[in-house]
Amino acid sequence: MFNALKNKFASFKKKRLMEKKGFTGTRKRKKQDETFGVVANKSKSLWGLILLLLFASTLFILMNPVGNKDLQTLVEKQIVPKTIYSEIDFEYEDKVQTNKNKEFALKNIPLFYKVDKEISLQTIDKFNKLFIEVDKRKKQDSYLTDSSEISHIVSNLNPQFLDTIYVFSKNKEKKDAFFKALKQGIYNGIISDATKQTPKFKEKEIVITDIKNRKNIKPKQLKTINTKKSLTNVITEEIKSKYVSDKMKNIKPALQEVLLNILQPNMIKDQIQFDKVVAESNKNIKKCLVNIKKQEILVKKSAIVTKEDIEKLKNHNKQLSAQIANINKLKNLKENGIICLFLLILTGIYIQHIHPEVLKNNKSMWMIGSITICSLFINYGVLILFNKIGIDFELSPILANQVIPIALCAILLSVLIGLRVAIYAGLYISIVVAILLDKSFDVLLLGLFVSCIAGFFVRYSTNYKAFFMRALATTLITSVVINYAFNHNLEPQFLLNILYLTIFSSVMTAILALVLLFLFEYLFQASTNMSLLALCDYNHPLLKRLQIEAPGTYHHSLMVSNLVEPAAVAIGANPIQVRVAALFHDIGKLSKPEYFTENNLYSQAKHNALHPRMSSMIISNHVKEGIDMAIKYKLNKIIRDAIEQHHGKDLVSFFYHQAVKESSNSAVGEQDFRYTGPLPQSKEMAILSLADICEAAARSIEKPTHTKIENLVWELIRKRFSEGQLSNSELTLADVVKVKNSFVKTLTNVHHTRIAYPKEEEKEDENDLFVAAKKNADSKEKIIESSTEKSK
C-alpha cells in the first residue's frame, strides 16, 4: 500500500512538473457559469444566511455576558468605591474557616508507623552470626563467607572487647537474656533520630503496628519510642546489672559498640492508614457555612477589599446570576433579540444608502459578515481571558476595555472593502462590546474613534510592513490620547497600568490584523493594494516571458498601464488595481506571439495562409489561454477578470470583413467573429477595455497631433458606448468624458513630435556599414509593402 501511494505521488509530481514546463495543458477549468463564486453572487439565500449568522453570533455574545457587575469593580486591596448590599438571601461555604478546622483536626491525629518484619529478623540474625564469628575467631577458624559486614565488625573490635563478648556468648543464661531484651526492643520498634527530632512531631502521639500486624490500643508518645542509641543504652544497662565481677567490667562498652553498628531503624510510615484516618476525620468536619440576608451589607464604602470580601461577592453574584437566568431567561432573550435586530436593520439601511454596490455582491457581504463575526468572538474571548487572569496580576476588571482589539474589524474591512463599511463595522463592534462592559459609554466612544482613525490611515498602505506599522501606530496613539482624556485625574499607578495594557492591545491588534488579512485574502480570493502592488514587479515570470517572447505585447501592456492609471484617478476608481490588470491582460498572447502584429512584422503573411475564421479564432483564443496561464501561475481573480473582460464581446473586425469579402455566396455569422465576453463589470475593467483599443489604434496615426488623437479616442469610445460594451460597468457620461480627456493627454504626451534637427550633407561612402544597413532596411520595407498590396 505504501509503494502504491508513493508511485501515485511521483506520477502526480511528474505531471505537475510537465505542466509547469508547458509540455502538457493545465487542468480543465470549469465554465464561468459553473463556478461557486458566480452561483454565490446570484444566490439571495446566501446573502440572508450571513445576516442570520451575524444575528445569531451577536445574540449569543449578548446572552452570555462576561463576569458579574459587582465583581468587576473590586480587586484585593482596593478601596471600595460604594457600599454594596446583598440583593438575595444566600449562604456560602467559608472555605478559609473550613480549612482552618481541618488543620486543627489534623494536629490531633496521631502518626501511624509499622515495624518492618524483614528488617527486624535480619537484625536478629546478624547478632547470631556475630556470636558465631566471635567464637570462630577465638578458635582461629576461618571467617564467615556469607557475612562480610559481621566479619568487618568483629575484626575491628578491641581484643579486650572480643574476649568479653566471647566469654559472654558462652553463658547461655546471659545470652538468652540478651536476645530477649534485644527482640523486645526491636519488636517494639526503632525510630530514626531525624524523625524523632522533627519539631512538628515532638508532641505527636504514634500508633505502631508490630510485625504480627497488631496495633497498640492506646497511642504512645513519640518521645517514648526508642532510637538506635536509646535502645542500646537500655539493653547494655540491663545486661551490666546482672554482672558484678571484674572480669566482665567491659561488657557494657563492648555490647554498645556492637549494638550501634548492627541496630538500624525498622519503623516505616503507614501512609495508607494515616490517609484513611484523615479522610474519615474530614468527613466528620462540617462545612463552615455563612448565611447572608437580603439587604445585608457585603462590603462597606472606603473599606479595603480582602480575600474574604471577594469570595463573598463571587458567591453572591454567582447565585444571583443563576436566579436571574432561571427567572428572566425568556425576557433576556427578547431584549437582546430586539437589540440585535435593531443593529441589523441599521446595518442594512446604512449599506443600502451609503455603500449600495456591496449589496450586489454576495462575496463582499460574506466577507463583511465573516470579519465582523470573527472580530466579535476575538473581542469576547479577550474579555473572558482577561477576567480569568487579570485578578492574578492584581488588575482591576474595569481595565478590560484597554486590552480588547476593538479596531480590528475596521482595520481589516478598510483595506478589503472600503472605509465607509469599515467605520460602520467599527461602530457595530463598539456597541456590542460596550453593552458587554456594563453599557460603558467610554468604550463606545473609544471604539468609534480608534476604528475611524485606524481605518482611515491603513487604507493607504502600500505594503504589509506599512500596514502593520500604521495599524500599530494609529491604535496606540489614538487609544493613549482618548484614555488620558477620560482618566487623567486617576492615580499615576493606575494610569501606568492603562498605558501598559494599551501598548499590549495595540501590538496584539496589529499582529492579528496582519495574520487575518492573509487568511481572508486567501479564503475570499480578495485583493488589496498590498497584494496587487507585489505583482507590479517586472521580474514576475510572466512579465519576463513577455519581454523575451512577445516584446511588442509587453510594450503595449506597459503603455496601457501608464494610460489607465491617471484615468482611474480622474474618476475615483482604483488606480493600482487597474494598473496591475493592464500589465497582465494580454499574457494569453504568449501561446502564439508570432500571430500578432506587434510581435511580428510578417504576421500578415502567416494569416494569409489561414481562413479568416481560423485567424479570428487564434486572435480571440488569447483570452482563454490567458485564463489558463493565470490559473497556472495562481494570479489574483482581478487579473483573471481583466483577461476575460478587456475585450468584452467585441468584434474581430479585420478578419470578419475579410471573411465577408471572400464568401460572396454564403452569409457570414458575425457571432463567430466575436469575443465570448463577459462585458466589463466594473469601472476599472471598463477603463482597461477602452485603454487597450485606444493605445493600439493610436499607433496607426501618421504624424499624430492632439486633434487627431482626440478625434480617434472619442470615436473609439463612442463606438464602444453605442455597441453597449460599457453597459455593465457603471461608468457615467461624466466619467466617460474624464477618461477620454485623460487618454488624450497621456497619448499626446507619448506620441508628441520633435523639431527636426538640421542635417549636414555628407558624401556617401560605400564602405560605411551604416549606409549598407540603411539600404538593406529600405529594401525589406519595399518587399513588405509589395506583399501587402498583393494580399489586398
Side-chain angles (χ1 to χ4, degrees), residues 527 529 531-569 573-601 603 618-648 650 652 675 680 682-701 709 712-713 716 720 739 742-743 745-747 749-751:
S527 301
N529 289 345
S531 59
L532 291 174
L533 278 173
L535 295 173
C536 288
D537 185 3
Y538 294 140
N539 289 317
H540 189 281
L542 281 175
L543 296 182
K544 277 291 185 184
R545 285 187 61 189
L546 276 177
Q547 293 178 44
I548 298 170
E549 300 174 30
T553 301
Y554 174 72
H555 184 260
H556 163 71
S557 299
L558 291 180
M559 293 300 299
V560 172
S561 68
N562 292 330
L563 198 60
V564 296
E565 195 166 4
V569 172
N574 190 328
I576 298 175
Q577 180 178 318
V578 73
R579 176 181 177 83
V580 175
L583 288 175
F584 290 90
H585 77 285
D586 268 346
I587 57 175
K589 292 182 180 180
L590 283 170
S591 61
K592 292 180 175 63
E594 67 275 9
Y595 283 88
F596 296 89
T597 308
E598 67 265 27
N599 299 315
N600 183 12
L601 292 174
S603 61
I618 292 173
I619 297 299
S620 61
N621 199 51
H622 83 275
V623 172
K624 295 179 181 178
E625 294 289 345
I627 295 296
D628 280 338
M629 287 185 180
I631 291 174
K632 176 180 176 181
Y633 284 87
K634 297 180 180 180
L635 294 181
N636 203 289
K637 186 178 182 299
I638 287 177
I639 296 176
R640 300 200 298 270
D641 290 342
I643 295 170
E644 281 186 317
Q645 299 172 23
H646 77 278
H647 280 298
D650 199 10
V652 187
Y675 289 93
S682 64
K683 290 182 178 182
E684 288 80 9
M685 296 302 107
I687 295 172
L688 175 62
S689 175
L690 296 174
D692 183 49
I693 189 172
C694 289
E695 197 282 329
R699 293 171 181 267
S700 63
I701 301 176
I709 291 174
L712 176 65
V713 170
L716 292 172
R720 280 292 176 98
V739 169
S742 176
F743 285 177
K745 180 180 178 181
T746 304
L747 289 172
N749 291 331
V750 170
H751 295 283

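Any value given below was found using the heavy atoms of this structure, including those in side chains, with hydrogens, waters and symmetry copies removed.
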If you compare all heavy atoms of A568 against all heavy atoms of I687, which two are closest, and at what distance to 0.1 Å? CA-CD1, 3.8 Å

Atom pair NZ/CD1 of K745 and I709 - distance to nearest 0.5 Å: 14.0 Å

Once rounded to the nearest 0.5 Å, what's the spacing between atom CD1 of I639 and atom NZ of K634? 14.5 Å

What pair of heavy atoms forms the shortest contact from V560 to A582, and how long is it? CG1-CB, 3.8 Å

Test: D628 and K624 ion pair at under 4.0 Å: no

Would you name the heavy atoms of A573 and E684 that are closest together and state the gap between them? CB-OE2, 3.4 Å

Below 3.5 Å, can you tabulate the donor-acceptor pairs from side chains in residues 534-543 to any protein atom, sequence neighbours excluded?
{"unit_1": "D537", "atom_1": "OD1", "unit_2": "N539", "atom_2": "N", "d": "3.1"}
{"unit_1": "Y538", "atom_1": "OH", "unit_2": "R579", "atom_2": "NH2", "d": "3.3"}
{"unit_1": "H540", "atom_1": "ND1", "unit_2": "L542", "atom_2": "N", "d": "3.2"}

Where do A567 and F743 come nearest, in terms of heavy atoms and distance? CB-CE2, 3.7 Å

Apply the test side-chain contact (heavy atoms from CB on, under 4.5 Å) to residues L590 and E625: give CA-CA distance (whole Å), side-chain angles for both, the deciding distance (0.1 Å), then the verdict. CA-CA 8 Å; L590 283 170; E625 294 289 345; over 6 Å; no

Can you check whether L747 reaches L563 side chain to side chain, under 4.5 Å on heavy atoms? yes

Euclidean distance, D692 CG relative to H647 NE2, rounded to 0.5 Å: 5.0 Å

Kindly indicate whether the side chain of F584, heavy atoms from C-beta on, has any atom under 4.5 Å from the side chain of I638. no

Are N529 and N574 side-chain neighbours, meaning at least one heavy-atom pair lies under 4.5 Å? yes

Those residues at least two apart in sequence (or on a different chain) that pass side-chain hydrogen bond (donor to acceptor under 3.5 Å, both in side chains) with E695 are H556, R699

Would you mind reporting whether L635 and M629 have side-chain heavy atoms less than 4.5 Å apart? no

With distance as the sole criterion, is a donor-acceptor pair present between the side chains of D586 and S557 under 3.5 Å? no

Nearest heavy-atom approach of A581 to A642 is CB-CB, 3.5 Å

How far does CG of L583 sit from OH of Y554, to the nearest 0.5 angstrom? 8.0 Å

I'd like to know if the side chain of H622 reaches the main chain of I619, judged simply by a donor and an acceptor atom lying under 3.5 Å from each other, with no hydrogens or angles considered. yes

Reported CD-to-OG1 distance for the pair Q547 and T553, which is rounded to 0.5 angstrom: 12.5 Å

With no hydrogens and no angle check, is any side-chain donor or acceptor of S561 less than 3.5 Å from a backbone partner on L558? yes

Using side-chain hydrogen bond (donor to acceptor under 3.5 Å, both in side chains) as the criterion, list what pairs up with T746, not counting sequence neighbours. none

What is the distance from atom CD1 of I643 to atom CE of M685, rounded to the nearest 0.5 Å? 10.0 Å

Test item: side-chain donor near acceptor, S527 and N636, under 3.5 Å: yes

Which of E594, E549, E598 passes salt bridge (charged side-chain N to carboxylate O under 4.0 Å, His left out) with K589? It is E598

Looking only at heavy atoms, which two atoms of P575 and V569 are closest? And how far apart? CB-CG2, 3.8 Å

